Every structure is written in structure tokens, then in C-alpha cells.
Amino acid sequence: MSEPNFILSVSPHIRTSESVKRVMWFTVFTLLFPAAGAVYFFGFYPILVMLVSAATAVVVEAIFLKLRGRDVSQCLDGSAVITGILLALTLPPRFPLWEAALGSAFAIVFAKQFFGGIGQNIFNPALIGRAFLMAAFPVDGTTWVPTRLMAPDTFTGATPLATFKFMKVLTPYKDLFFGNVSGSMGETSALLLIIGGLILILKGYVDFRLPLSYIASVFFFGGIMWLINPAKYPDPLFHILSGGLMLGAFYMITDMVTSPITSKGRVIYGIFAGFFVVLIRLFSGYPEGVMFSILIMNTIRPWIDRLTEPRILGEVRR
Amino acid sequence: MAKYTFPGGIHPPYHKVTTGKAIERLQVPSALFIPLCQHTGKPAKPLVKRGDDVKKGQKIAEADGFISANIHAPTSGKIRTIIEHPHPVLLTSSPVIVIEPDGKDEWFEEPAERANWQESSPEDIVSAVKEAGIVGLGGAAFPTHVKLSPPKDKPIDTVIINGAECEPFLTADDRILQERAKEVLLGAYLIKKALGAGRVIVAIEDNKPEAAGKVSEVIGEFDGFELKIVKTKYPEGAEKQLIKALTKREVPRGGLPMDVKCLVQNVQTALAIYEAVRYGKPLIERVLTLSGDGARGAGNYLVRIGTKFLDVIEMTGGMEEKVVKVINGGPMMGIAQYTLDVPVIKGTSGILLFTHKTAKKFEEYNCIRCSKCVDVCPMGLLPLMLVEYVKAGRYFDAKEKYGLLDCIECGSCAYACPSKINHVQWIKYGKQELRRAS
């Protein structure tokens with residue numbers, strides 16, 4: 001019998017069928033739910049924003065992979081597409097395309113590639129892109145439109161959070177839940193985001209502790225403030241259904257790369273992030289605090305990891 | 001029945017396709033290649049030279065020091081030579097005694113029941129085990145007489161008979177329990193006696209109902225014995241995990257099971273102890289599982305030590321053309337082989353033949369910090385951090401901060417990793433560099 005060349009490798013010799021590509025592209029698939037909502041409520045223009053943003057992310061990633069001497073095919077691993085689509089979902093429904101492209105490029109270059117590419121970034125790239133656009137184009141970033149289901153004469157100058165913050169008018173829960181409110185194109189429908197998020201949780205790609213602790217924390221801290229002064233502060237249910245909380249809870253804070261690696265750490269992370277959401281919403285000049293809450297938590301993530309290192313079997317801790 | 005388990009772990013596909021295949025005895029091949037080192041510790045010293053005639057069961061190499069083991073001729077024949085030959089675990093060539101069988105298979109001393117064997121003293125049991133050259137047959141191959149002789153200040157109260165067999169594909173222990181449960185328990189009885197332990201726990205995963213059924217039929221005859229069904233999860237059969245699952249005790253970091261008054265012995269080791277003490281039979285053969293999608297004769301076989309993998313394969317119907325990987329042991333912790341000339345040794349629990357369908361090559365991708373490795377680590381380690389530190393050459397920090405030396409190399413992290421990072425390879429490398437530095 002001739003001696004074949006056997007594969008030599010260190011154990012284990014069997015591996016899970018999961019791969020980074022599969023995780024990423026499956027996440028893209030679940031983003032179709034909020035994306036469909038964007039189209040349903042705001043028409044076809046949001047598709048263009050998403051396509052432009054995602055395509056820019058991929059192209060810019062390819063260029064920088066090439067410049068860094070890395071495998072260019074990495075640009076199609078799905079992670080850049082997620083960044084592009086997520087960024088688009090956080091933008092107003094009529095956001096200019098070239099500005100979206102700029103934000104997407106900024107996110108990939110400054111928040112991802114400069115840190116060393118996938119897995120190395122400290123901040124959530126999509127949120128860095130969003131923060132950049134907010135600073136660069138403050139007017140376009142806050143120009144809202146009514147949904148297609150609203151009466152043509154609906155007053156549309158503000159999102160539910162802003163309406164409450166500046167006019168003390170509450171939006172009905174039903175509209176908040178289904179998404180018939182003005183706001184960023186992908187954040188309005190809590191329902192669609194919950195569907196996408198639940199699929200990710202069931203698939204094992206998202207640890208339920210992150211969205212749960214985050215949402216519960218906003219509910220808790222929002223609720224305390226509401227109990228203190230119901231006339232001045234919105235109720236906790238309004239808090240969790242409005243703004244970008246659901247999008248942030250299921251798609252942003254859950255970013256594997258920038259969230260803690262231990263279960264305990266994820267709970268702490270979510271609770272603190274929720275605290276910051278309420279703090280910013282109620283006591284800052286901004287109506288919304290989701291973006292900043294997660295970016296702030298990104299900075300202290302390594303510290304949370306350190307504090308929550310699991311106990312090694314047989315280790316005695318004082 | 002309550003099911004015991006440990007935190008972490010994985011659920012790989014089990015492929016226990018040979019659980020229904022009765023143990024078959026394989027013939028003696030045309031030549032046996034018997035390594036002098038088949039155990040943890042010093043290699044044995046040969047007692048024979050080229051041209052000598054030996055009989056089956058004759059001691060051909062003796063233990064060199066306490067942590068070493070005797071080796072016996074698996075059949076009768078002539079010593080052809082003592083040469084360097086490929087080894088399935090050491091992965092370099094190592095000295096082997098080559099026996100050319102004479103076909104008579106004549107015993108040096110026919111195993112015969114010893115009078116009052118059940119009343120053997122602890123010393124008698126340990127010396128019979130030592131004489132028989134028994135080592136841990138689960139794969140680690142640690143000399144059993146050493147385990148049975150704990151220091152005076154480390155009394156053992158619990159003997160665990162490990163029938164978890166959590167490695168996918170392997171069914172040797174499963175079959176032994178199905179066919180010879182009573183003898184395994186008699187072996188356990190002798191272990192208990194040797195150590196003066198109060199209780200024996202037989203642990204079987206819940207995917208082996210036949211084996212558990214056979215054990216529960218006879219376990220009532222033994223005082224202080226209990227059968228505990230553990231959850232089917234890898235690595236349930238790892239020593240520290242099994243102790244934790246069954247007794248809630250944790251072996252201290254860097255410690256041994258005896259530090260928590262436990263001793264774990266594999267099913268087949270218990271059987272070998274029984275045969276050594278009752279009949280004076282040396283360890284010259286073992287049951288192994290031949291399996292994998294490349295094996296035509298998948299099954300459980302009683303094989304003489306020293307039989308080449310190639311002979312095992314040919315005697316069982318051959319292998320598929322497209323076999324690209326050959327493993328000594330299970331798929332999670334076994335060792336990939338570069339040649340079929342390696343012999344079956346005492347620790348060979350299985351021979352797996354994989355075609356390209358099962359044995360895939362993977363490229364490592366960037367870690368995306370998904371922390372699947374953290375979730376599955378049965379030791380509570382952070383495998384991603386260990387890899388990061390080892391890659392950066394920070395071996396000492398990996399040990400001090402992240403417990404590099406606590407890793408049992410079970411491979412759960414690498415199995416679960418979507419980036420296909422070879423955690424075990426990096427960790428082994430880090431440990432090696434650490435040894436080199438100190």
C-alpha cells in the first residue's frame with residue numbers, strides 16, 4: 001500500500017460548522033427585518049442609503065486591507081456589510097447619499113482598519129460613523145420625515161423622544177411598538193427589531209444578557225425618574241420603546257468585538273449602558289442617548305473584562 | 001435518575017456508530033512492534049536481545065524506576081531486533097522491540113486463578129498491577145501502580161470508575177461495560193481495597209443506556225458501590241470535570257485528584273487490574289475502537305499491543321481510498337499520525353480514519369471575541385486571552401494572569417471557535433516555551 005500524505009494537525013480534529021462568515025452574513029439576513037420596516041414606513045429611498053453605505057464600507061475595507069497587505073477577500077466576510085447597513089439604519093430616512101457614504105468610510109477606516117481590522121477595534125464602527133455624521137452634518141442628521149402611514153399634514157419636525165423632551169407630548173405605545181413614528185429609518189419599529197434580535201439569540205450569535213440587561217436597566221432608571229416626577233419625565237415603557245434603544249439593544253451593544261467576554265461582564269455592561277441612556281436622555285442637550293451610552297461603555301469594556309474574569313476550576317479566591 | 005455534570009463543555013456530533021458491535025479478537029499479525037515507552041515516565045529497560053525466543057506474557061522489558069511500567073510479549077516468537085520505529089504518541093521514532101510471532105501463541109505462564117484472590121492485601125494488589133505493566137488505558141497511560149500507591153497523608157475515600165467515554169466515535173469502554181460489567185466492578189472492588197476507600201462511583205454518560213443497564217444489574221452485589229449517570233457532554237470524562245460533577249469537589253489548581261480524596265480509573269484499566277490480580281495476566285492486549293468515515297470495518301477490537309495500525313486496518317477489511325487523516329485516540333484529543341506503521345500501544349483507545357469529508361483543513365481567521373471559547377471552557381479559562389498572550393510571546397504572563405498551565409487541552413475552545421483558531425496548538429506551544437524558559 002502506498003503511503004499517502006496524511007494531514008497532520010494538532011487536536012481537536014473536528015470543528016464546529018460555524019464560521020465568522022456565517023455569523024456575519026446571518027446577522028445581515030436578520031437586518032432585513034428592520035430594513036423592511038424602513039422601506040414600509042419611509043419608502044424606497046432608504047434602500048439606496050443602505051446600499052450606498054454597505055457598498056462603501058466594503059470597498060473602503062478592501063482598499064485598506066490592500067494597503068495593509070492583508071487578504072483583500074476579508075472585505076466580504078460580512079462584517080463591513082453589517083457596519084454599512086447598521087449605520088444606514090441609524091440615519092434619518094432622507095439622509096443625503098454622499099454623506100452616508102462618507103460616514104460609512106469614516107467608520108471603516110477610523111474605527112476598524114486603523115485598529116487592525118476585524119476583531120481589533122475598541123469602538124463599534126457603525127456608532128463611530130454615526131457620531132461623525134452627527135458632528136459633521138448636524139442638520140441633515142436631525143431632519144425627520146413622517147412615515148407613509150401618517151396623515152399628510154402630520155407635524156413631523158421631531159422624533160417621539162424630542163417631542164417629549166421639548167414639548168412634553170407622549171407618542172402612543174402602539175405606534176412606537178409597530179414603528180409608525182418618525183425617526184431614524186431602522187429604529188422606529190420595536191417589533192421588527194425584536195424579531196431580528198430573537199432570531200440572533202436563538203441562533204446563539206447574541207447573548208440574551210446584553211439586550212435584556214440594557215433594556216431592563218433603561219426601564220429601571222427611567223422608571224425611578226418617572227416615579228420621582230411623572231410630569232417632567234416620561235414613563236419607563238416609553239423609554240424602552242422609543243428612539244434607538246431596540247436597535248442599540250439587539251444590534252449595537254451586542255457587537256461581539258466590542259462587548260465583554262464574560263457572562264457576568266455582559267450584565268454589568270448592559271446595566272451601566274442603560275444608566276447612561278437615561279442620564280443622557282433626561283439631563284443632556286440631546287434627546288437620545290443610545291449611541292453615546294454604548295460608545296462610553298466601549299471604552300470601559302476592557303476594565304469590565306478584567307473585573308469579571310471567571311474563577312479557574314480549583315482556584316481559591318480570597 | 002439525577003444527571004451530574006460540570007459547567008462549560010460542548011456537544012459535538014457523537015458518531016457512536018460502533019456501540020452495537022461486539023468486541024472481536026484480532027489475529028496476531030506477522031510482526032509486532034512494541035515500544036519501550038508506552039506510558040508516562042521513564043521508558044522500560046529491555047530484558048531481551050536479538051534472536052531470543054520469548055513466550056506470550058513473558059516480561060521483555062522492565063520498569064525503570066517507580067514511574068515506569070513493565071512490558072510483556074503479546075505472543076510467543078522470536079525477537080527479530082530492537083530498533084527505532086515511529087511512535088503514535090511521541091511522534092518521533094523511539095526504540096521498539098520487534099517480535100516475529102511463531103504462530104503458536106504459547107504462554108510463558110498460563111493465567112490461572114490465584115487462591116483467595118479476593119482477599120488480596122493492598123500490597124499484593126499493587127504489586128500484581130505493577131508486575132502486569134498496567135497503565136491508564138483511557139489514553140493518558142499513567143502507570144497504575146503509582147496511582148494506587150498514594151502518599152500516607154493523602155487518603156482516598158472515593159474511587160471513580162470512568163465510563164463516561166465522552167470522546168466522539170469511541171465505544172471501547174461502552175462495549176466492555178456491556179459485555180463484562182461484573183468483571184469491571186470486580187476490578188473496581190480491588191482498587192477500592194488497595195486504597196481502603198469507602199465508596200466506588202461508576203460514572204456513565206446518559207447516551208450509553210445498555211452499558212448502564214448491565215452495570216445496574218450487578219452493582220447491587222457490591223458494598224459501597226453506586227452507579228451515577230452523567231450528562232452526555234464533552235469533556236465529561238476529564239478527570240477534574242468528572243470529580244466536580246460527581247462529588248462537587250474541585251481538584252486544586254496544579255493539584256491531583258488525591259488532593260480531594262478521589263481516584264479516577266478508566267473502565268478498561270479496572271478490567272485489566274481484575275485480570276492481573278485474579279489470574280496474573282499481564283497487559284498484552286487491549287480493546288480499541290476502529291471508526292471514522294474512512295474505516296470499512298468499523299468496530300471494537302481486542303488487539304495485541306504492538307500491532308501496526310496498517311495491520312489492524314487490513315485485518316478489518318481495509319480503508320477507503322480517500323483517507324486523509326489517521327488518529328490515535330479520539331477526535332478531540334487524539335494525535336494525528338503520519339504513517340500507518342505506528343503500532344497500537346497500551347494507551348491506544350481508538351484508531352480513527354477520516355476522509356476529506358470529516359478531516360477538513362481550516363485557515364485561522366481573526367478572533368472576533370465572540371467568547372464561545374470562554375463559554376465552553378470546562379476549566380473557567382479565557383482561551384482567547386491565552387492565545388493572544390502566547391502569540392505575543394508573553395508565556396509567563398499567560399501562566400500568571402490567565403492560567404496557561406491549568407489548561408487540560410480538551411479542545412472544546414478550538415471546536416467551538418467560528419474563527420477556527422487552533423487554541424490547543426497555541427497553548428501547547430506556550431507551555432513548551434514556558435518549560436524551555438524555566
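Each chain gets a letter, A, B and so on, in the order its sequence line appears, and its residues count up from 1. Remember, predicted model here, so these are calculated numbers, not experimental data.
Heavy-atom distances place the side chain of Leu384(B), and not its backbone, under 4.5 Å from chain A. With a threshold of 4.5 angstrom between heavy atoms, Val374(B) approaches chain A through side-chain atoms but not through N, CA, C or O. With a 4.5 angstrom heavy-atom cutoff, Arg266(A) touches chain B only via side-chain atoms.
Looking at Arg369(B) and Asp255(A), no side-chain N of the basic residue comes within less than 4.0 Å of a carboxylate O on the acidic one, giving no salt bridge.
By a heavy-atom distance cut of under 4.5 Å, Lys240(B), Gln241(B), Lys244(B) are the residues of residues 232-244 of chain B near chain A, going up by number.
Formation of a donor-acceptor pair under 3.5 Å by the Lys361(B) side chain with backbone atoms of Ser9(A) is not found in this model. Looking only at distances, a side-chain donor or acceptor of His13(A) sits under 3.5 Å from a matching main-chain atom of Gly334(B).
By number of non-hydrogen pairs under 4.5 angstrom with chain B, the leading residue of Ser79(A), Gly119(A), Ser259(A), Pro260(A) is Gly119(A). Interface remark: of the candidates Glu409(B), His356(B), Lys325(B), Lys325(B) forms the most heavy-atom pairs closer than 4.5 Å to chain A. With chain A as partner, the option from Val326(B), Asp406(B), Ile327(B) having the largest number of non-hydrogen pairs under 4.5 angstrom is Ile327(B). Chain A forms more heavy-atom pairs under 4.5 Å with one residue of Met333(B), Gln337(B), Arg249(B), Met332(B) than with any other, namely Met332(B). Listed options Asp207(A), Thr262(A), Val23(A), Asp77(A) were ranked by heavy-atom pairs under 4.5 angstrom with chain B; first place goes to Asp77(A).
Using a 4.5 Å heavy-atom threshold, the side chains of Arg306(A) and Lys401(B) count as touching. Contact annotation: the side chain of Tyr365(B) never approaches that of Lys21(A) to less than 4.5 Å [non-hydrogen atoms, C-beta and beyond]. With a 4.5 Å cut-off on side-chain heavy atoms, Pro310(A) and Leu382(B) count as touching. For the pair Pro418(B) and Thr16(A), the minimum side-chain heavy-atom distance is 4.5 Å or more. At least one side-chain heavy atom of Phe6(A) sits under 4.5 Å from a side-chain heavy atom of Leu340(B). Val10(A) places none of its side-chain heavy atoms less than 4.5 Å from the side chain of Asn422(B). Counting only heavy atoms from C-beta outward, the side chains of Gln120(A) and Cys367(B) never approach each other to under 4.5 Å. Within the 4.5 Å cutoff, the side chain of Pro168(B) has heavy atoms near those of the Ile14(A) side chain.
Heavy-atom contacts from other residues, nucleotides or ligands closer than 6.0 Å to NZ of Lys66(A) number 12 or fewer.
Here the closest heavy-atom approach between residue Ser263(A) and residue Asp375(B) is recorded as OG-OD1, 4.5 Å.
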>> What verdict does the salt bridge (charged side-chain N to carboxylate O under 4.0 Å, His left out) test give for Lys420(B) and Glu18(A), after you've listed the backbone C-alpha separation in whole Å, the side-chain angles of each residue and the deciding distance to 0.1 Å?
In response: CA-CA 9 Å; Lys420(B) 313 294 178 196; Glu18(A) 292 294 352; over 6 Å; no

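Rounding to the nearest 0.5 Å gives a distance of 14.5 Å between OG1 of Thr358(B) and CZ of Arg15(A).
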